[in-house]
Amino acid sequence: MHIDFNLSKNILAWYDNNKRILPWRVNKNYDQRLYYRLLSEFMLQQTQVKTVLPYFNRFLQKFPNLKSLSKTDEKTILKLWEGLGYYRRAKNLLSTVKILANNNFKLPDTFKEIKSLPGVGDYTANALLAFIYNKETIAVDGNVKRVFSRILNKKDTEINFENFVKNNKNNLFFNNRNSDFVEALMEFGSIVCKPQQPLCYSCVINKKCKYFQSKKKRKKTKSQTKKLRKINILCYLNKKKTNRINKKK
DNA sequence: GTCCGGTACT
DNA sequence: AGTACCGGAC
C-alpha cells in the first residue's frame, strides 16, 4: 500500500497554521519537555484533550517537575487522578516516573526499553521516541488509523500499519520535523479527518485522498439515483426468490 | 443504553 | 483475537 505524495509536507503545512495551543506543546529545548510529554500522554490515553487539560494543570501545580512527582505516593496521585478514570494509568505513571528517577530522569532511547516501562504500550513508546528524540517513527492512535485508512480508502482492519510506515518512509520522514509530524497527524485526525462529518472540502490532501475521491464519484444525479434504486430493488427481489428456491431444495 | 479507545493480560 | 478498565459523547 503506497501513497504517491508528500504527506508529511502537506500535514505539517496545515499544522503550522492550525494547531491548537496546548500546555504540553512546549519548546523542544525546554528542560521539562519529557515530564510534560509523559504526563500528557498518560492522561490522553482514552481521554480527550479538553477533559485532560484541568487535570494536567493541577498536576503541574502540585508537582512542578519529574523529581517532585517521583517522590509522591500512590494515594496522593490517585486522589489527584480522581474523575479521570482508568486509574491504573495513575499507578503506572508513578511507577514509570520512579524508574526514570533511578536513571537520572533520562528516558531510554530505544523502543524496546521505553515500551518496557509500566503503562507504556506501542502507541506511547512511539510517541515518546518522536517527541523526545525526534525519531523517525509514527505513533498510531485512533486518529492516525483513520487518516491512513481514509487516504487509502480501506478499512483499518485491512491495513498493516507497521508495513505502511515502512513502505512510505520517503513520504513520511522527508524532513527533520518528525516530532511535529507525529503530533500533526493526530491533530489533523481529530480536527479535520474526524470520525463523523470529516471536513473533506477544506482538507489539504483531499486531491490525494481515495476516500474523498470515491465519495465524490459516488455523487449521483437524481435520475441516476432513481435508476440505481430500481436496480437494487430488482436485485433484492431476485435474491429473495433465489433464497426461497434454495430453501425448497 | 451503546459505542469508543491504549494497555495489560489471557 | 478478545476483554477489562472508566468516563464522555451521542
Side-chain angles (χ1 to χ4, degrees), chain A residues 20 22-25 34-59 66 69-70 74-100 107-133 135 137-152 154-165 178-179 181-200 211:
Chain A
R20 291 169 291 183
L22 297 173
W24 46 87
R25 291 189 177 159
L34 173 59
Y35 177 39
Y36 284 30
R37 287 294 169 175
L38 195 65
L39 181 58
S40 59
E41 284 309 326
F42 268 75
M43 288 182 165
L44 288 165
Q45 290 166 4
Q46 298 83 39
T47 309
Q48 295 179 333
V49 167
K50 73 169 186 192
T51 310
V52 164
L53 279 169
Y55 284 88
F56 182 81
N57 291 325
R58 249 175 273 149
F59 260 74
L66 273 176
L69 183 57
S70 74
E74 213 170 272
K75 210 181 141 189
T76 312
I77 201 172
L78 280 173
K79 185 77 198 157
L80 215 49
W81 202 271
E82 221 164 71
L84 255 191
Y86 287 97
Y87 296 95
R88 192 160 50 173
R89 290 182 296 173
K91 297 181 189 178
N92 285 336
L93 172 65
L94 184 58
S95 309
T96 284
V97 171
K98 284 184 193 262
I99 291 169
L100 293 182
L107 183 74
D109 62 0
T110 65
F111 177 80
K112 208 177 152 190
E113 285 173 289
I114 297 176
K115 199 185 155 176
S116 76
L117 295 166
V120 176
D122 278 35
Y123 161 77
T124 307
N126 281 316
L128 290 174
L129 272 177
F131 292 156
I132 305 304
Y133 297 118
K135 275 235 183 189
T137 177
I138 301 289
V140 182
D141 73 343
N143 292 311
V144 177
K145 277 189 176 172
R146 192 172 53 256
V147 173
F148 288 163
S149 72
R150 288 224 176 102
I151 291 173
L152 301 167
K154 291 217 183 303
K155 288 181 184 154
D156 63 357
T157 48
E158 295 170 350
I159 302 172
N160 181 324
F161 290 96
E162 216 175 311
N163 284 341
F164 178 80
V165 172
N178 200 58
S179 168
F181 179 52
V182 166
E183 187 134 70
L185 260 183
M186 294 190 271
E187 184 90 336
F188 178 79
S190 74
I191 293 179
V192 177
C193 200
K194 300 180 292 180
Q196 255 74 50
Q197 290 148 357
L199 310 178
C200 295
Y211 167 75

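Per chain, numbering begins at 1; letters A, B, ... match sequence-line order.
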Base, sugar-phosphate alone, or nothing: which one does [X] contact when heavy atoms must sit under 4.0 Å apart?
{"X": "Gln48(A)", "answer": "sugar-phosphate"}
{"X": "Tyr86(A)", "answer": "base"}
{"X": "Thr47(A)", "answer": "nothing"}
{"X": "Pro195(A)", "answer": "nothing"}
{"X": "Gln45(A)", "answer": "sugar-phosphate"}

For the pair made of [atom1] in [X] and [atom2] in [N], what is the distance, rounded to whole Å?
{"X": "Leu44(A)", "N": "dG7(C)", "atom1": "CG", "atom2": "P", "value": "17 Å"}
{"X": "Asn92(A)", "N": "dC6(C)", "atom1": "CG", "atom2": "C1'", "value": "15 Å"}
{"X": "Gln197(A)", "N": "dA9(C)", "atom1": "CD", "atom2": "C1'", "value": "14 Å"}
{"X": "Tyr87(A)", "N": "dC5(C)", "atom1": "OH", "atom2": "P", "value": "14 Å"}

Inset, instruction - Output the distance between atom CZ (Phe131(A)) and atom CG (Asn178(A)), rounded to the nearest 0.5 Å. - result: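 One gets 9.5 Å once the value is rounded to the nearest 0.5 Å.
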Inset, instruction - Could you grab the distance from atom CZ of Phe188(A) to atom CG of Asn143(A), nearest 0.5 Å is fine? - result: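 One finds 11.0 Å between CZ of Phe188(A) and CG of Asn143(A).
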Inset, instruction - Could you point out which residue of Gln45(A), Glu41(A), Lys115(A) forms a side-chain hydrogen bond (donor to acceptor under 3.5 Å, both in side chains) with Tyr123(A)? - result: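 It is Glu41(A), the one option of Gln45(A), Glu41(A), Lys115(A) that forms the side-chain hydrogen bond (donor to acceptor under 3.5 Å, both in side chains) with Tyr123(A).
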Inset, instruction - Test salt bridge (Lys or Arg N to Asp or Glu O under 4.0 Å) on Glu82(A) and Arg58(A) and set out the steps. - result: CA-CA 12 Å; Glu82(A) 221 164 71; Arg58(A) 249 175 273 149; over 6 Å; no
Legend entry - DNA chain C: 5'-proximal contact among Gly83(A) and Gln196(A) (nearest heavy atom):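 Counting from the 5' end, the first nearest nucleotide belongs to Gly83(A).
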Inset, instruction - Return the 5'-most residue of the pair Leu84(A), Arg88(A) with respect to DNA chain C, ranking by each residue's nearest nucleotide. - result: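 The 5'-side residue here is Arg88(A).
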Inset, instruction - Provide the start and end nucleotides, 5' to 3', of the part of DNA chain B that has atoms under 4.0 Å from heavy atoms of chain A. - result: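 So the outermost contacting nucleotides come out as dG5(B) to dA8(B).
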Legend entry - Non-neighbouring partners of Phe56(A) that pass ring-ring contact (aromatic ring centres under 6.0 Å, His included), sequence neighbours left out: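 Listed in chain order: Trp24(A), Tyr36(A).
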Legend entry - Residues Asn126(A) and Thr137(A): side-chain donor-acceptor under 3.5 angstrom: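 Yes - a donor-acceptor pair under 3.5 Å links their side chains.
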Legend entry - Flag for Thr51(A)-Gln48(A): side-chain donor and acceptor within less than 3.5 Å: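 Result is no, nothing qualifies.
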Inset, instruction - State whether Lys50(A) places a side-chain N or O below 4.0 Å from either non-bridging phosphate oxygen (OP1 or OP2) of dA9(C). - result: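 For dA9(C), OP1 or OP2 has a side-chain N or O of Lys50(A) closer than 4.0 Å.
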